[in-house]
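We count ligands from 1, going down the list as the structure has it; atoms in each ligand are counted the same way.
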Amino acid sequence: MSRKKSSASKPAPKKFGPAKPKPTPKKPLADKTKGISALRGMKDVLPPGSADFLELRRLAEAIATAYGFGYIETPALEQASLFIRSLGKTTDVVDKEMYIFEDKDGTRIGLRPENTAAIARAFVSHGMHNWPQPVKVWYWGSMFRHDRPQAGRYREFHQFGAETLGERGPVVDAELIALAYHFLKDCGIESTVEVNSIGTLEDRQQYCVELVGYLRSKRSYLSEESKKRMVRNPLRVLDSKEEQDRAVIDEAPQIVDWLSDESKKFFMQVLEYLDELEIPYVLKPTLVRGLDYYTDTVFELYEEGVEEAAQNALGGGGRYDKLIEYLGGPATGAAGFSIGIERVLGGLQARARDAGVHEKKKGGFFLAQLGEQAKKQALVLMEGLRKGGITVSHNFAKSSLKAQLESANKLGVSHTLILGQKEVQDGTILIRNMDSGIQEVVDQKKLKVAIQKLMD
Ligand code: AMP
């Protein structure tokens, strides 16, 4: 992620003294697994970092529930035609990035590159237009795009998103933007919302005629990629992050001048609601989003102070009032957004680095046992604590106290419970403060209460 330089990022101090011997290069993981490695652009989510991942999911669930959204899960695999028809054949996601294959029955399968089309399909499949309207759903799951992997861009990534289906109203768009904005805030990220309106399909067709005329007149100044886009999907030229295209895009006719009165009024109302909700936004006349199904409001969220670049958007979304009808359902107003979880995690980690926050706060408990009897008793004690909602780590593979305290230190726990032969016989247990080394003896029957006190 390209970040604005902070004063905290000083150059590394020069090292003096005799040159250290070079460490022997580690064997690549693929060698260790007899040539089988994770696929390019896909990664394992491992502890302890996975705790942040779970925390974000918890925050997503909490805020989406508070805004009245119910959880939806659709399959990761769908008929490829769902995405091709909904997103548009000439969009980058479909044209270049989709995983498409034939299954054993000869069905053309697509791994979902995003979730809106699948949710619209589910809306039609389950006759959700007969449910109380609007239907408000949130999701969390893996998406797949065969893109060129780089920082912030993976081939499997996770999105948290929300959709409101069955209502066309500016307040819906404002509520979705507020939800996305406050989710990021809950994650500790201050964001800016970029917002635009791309009008109805008819507005857009008329605008595109004007845009193509303009782009043709500037063709020689455009990057090779934009020259191609100009023919296949001219709106996407406005999305270009190539420096070479900057001047041409800045001077381009603006879609807002082609909006129908209805779309203009709708957009103004969205902005009024955002003002009311005190959501900071920036009008971005060149924001079009990459997919065909969008109509009217479109938006993207960026971390404040982080330079805008294609792989820096934390999330985005918009209105898609024609999609459900297009998939065979009744005319249904709908809007939604999605946020890339890896980008949010990347932003948090970058900020922690900038602030020099390396030390994790200590917390949690570890149970060390000495001897066979103590091991058995430890299992019983841990079971009791677990039932009371208290999780205790252990390392039964180690038998010496020293080795177990080392494990406890590595886990960063605040206290270790020590159970030796004497304690088993007395019905007591030691609680050791890992920072001060002070130990207190506690009756095993009162252990839960003692731990709860420490947790408080
Ligand atoms: P999009 O609908 O393509 O704008 O995607 C919504 C959000 O998903 C983006 O703002 C990113 O945060 C995230 N995202 C999209 N593509 C990728 C990717 N290849 N790798 C990681 N995150 C992605």
Side-chain angles (χ1 to χ4, degrees), residues 1-2 38-43 45 53 56-57 60 76 83 86-88 90-99 110-120 138-163 176-177 179-181 183-184 187 189 191-196 198 233 235-236 238-241 284 286-295 297-304 306-320 323 334-350:
M1 194 178 269
S2 59
L39 292 171
R40 213 173 148 231
M42 310 215 170
K43 59 187 176 97
V45 182
F53 184 82
L56 292 193
R57 195 184 191 290
F83 301 110
S86 309
L87 278 58
T90 58
T91 58
D92 281 357
V93 175
V94 167
D95 188 30
K96 299 186 188 152
E97 299 165 9
M98 253 190 77
Y99 282 89
L111 269 174
R112 62 178 177 195
E114 56 98 65
N115 216 14
T116 300
I119 289 173
W138 74 277
Y139 61 85
W140 174 286
S142 287
M143 307 295 149
F144 305 86
R145 295 184 193 175
H146 196 275
D147 204 350
R148 195 167 53 81
Q150 53 180 288
R153 193 172 285 172
Y154 306 98
R155 289 184 173 170
E156 180 181 12
F157 57 97
H158 297 80
Q159 282 184 341
F160 156 54
E163 315 280 341
L176 286 161
I177 293 173
L179 170 52
Y181 173 80
F183 167 69
L184 292 174
C187 297
I189 296 180
S191 62
T192 307
V193 183
E194 294 189 348
V195 55
N196 192 24
I198 54 170
N233 193 343
L235 269 188
R236 288 301 315 281
L238 301 178
D239 248 357
S240 166
K241 302 285 188 276
K284 183 87 191 296
T286 53
L287 176 66
V288 289
R289 308 271 299 141
L291 313 175
D292 278 6
Y293 57 58
Y294 285 117
T295 48
T297 321
V298 286
F299 56 92
E300 282 182 349
L301 295 106
Y302 288 84
E303 182 174 354
E304 248 181 23
V306 173
E307 279 163 40
E308 196 186 308
Q311 73 278 18
N312 281 356
L314 294 170
R319 178 153 283 285
Y320 50 94
L323 181 58
F337 74 82
S338 64
I339 288 179
I341 293 307
E342 283 74 7
R343 301 255 173 105
V344 175
L345 283 171
L348 293 177
Q349 283 153 8

Side-chain (R319) to main-chain (T297) donor-acceptor, under 3.5 angstrom
no
Between F160 and W140, what is the ring plane arrangement, given parallel below 30°, perpendicular above 60°, and tilted in between?
tilted
Looking at Y320 and G336, what are the two nearest heavy atoms and their distance?
CE2-N, 3.7 Å
Chain-and-number sorted residues having a heavy-atom contact under 4.0 Å with ligand 1 are R145, G152, R153, Y154, F157, Q159, R289, A313, L314, G315, S338, G340, R343
Hey, which of R155, E97, K96 is the one that makes side chain to side chain contact (heavy atoms under 4.5 Å, CB included) with R145?
E97
With sequence neighbours left out, write down each residue that passes side-chain contact (heavy atoms from CB on, under 4.5 Å) with A162, or none if nothing qualifies.
F69, W138, L176, L179, F337
So, applying side chain to side chain donor-acceptor pair (under 3.5 Å) with S142, which one of R112, E156, Q159 is it?
E156
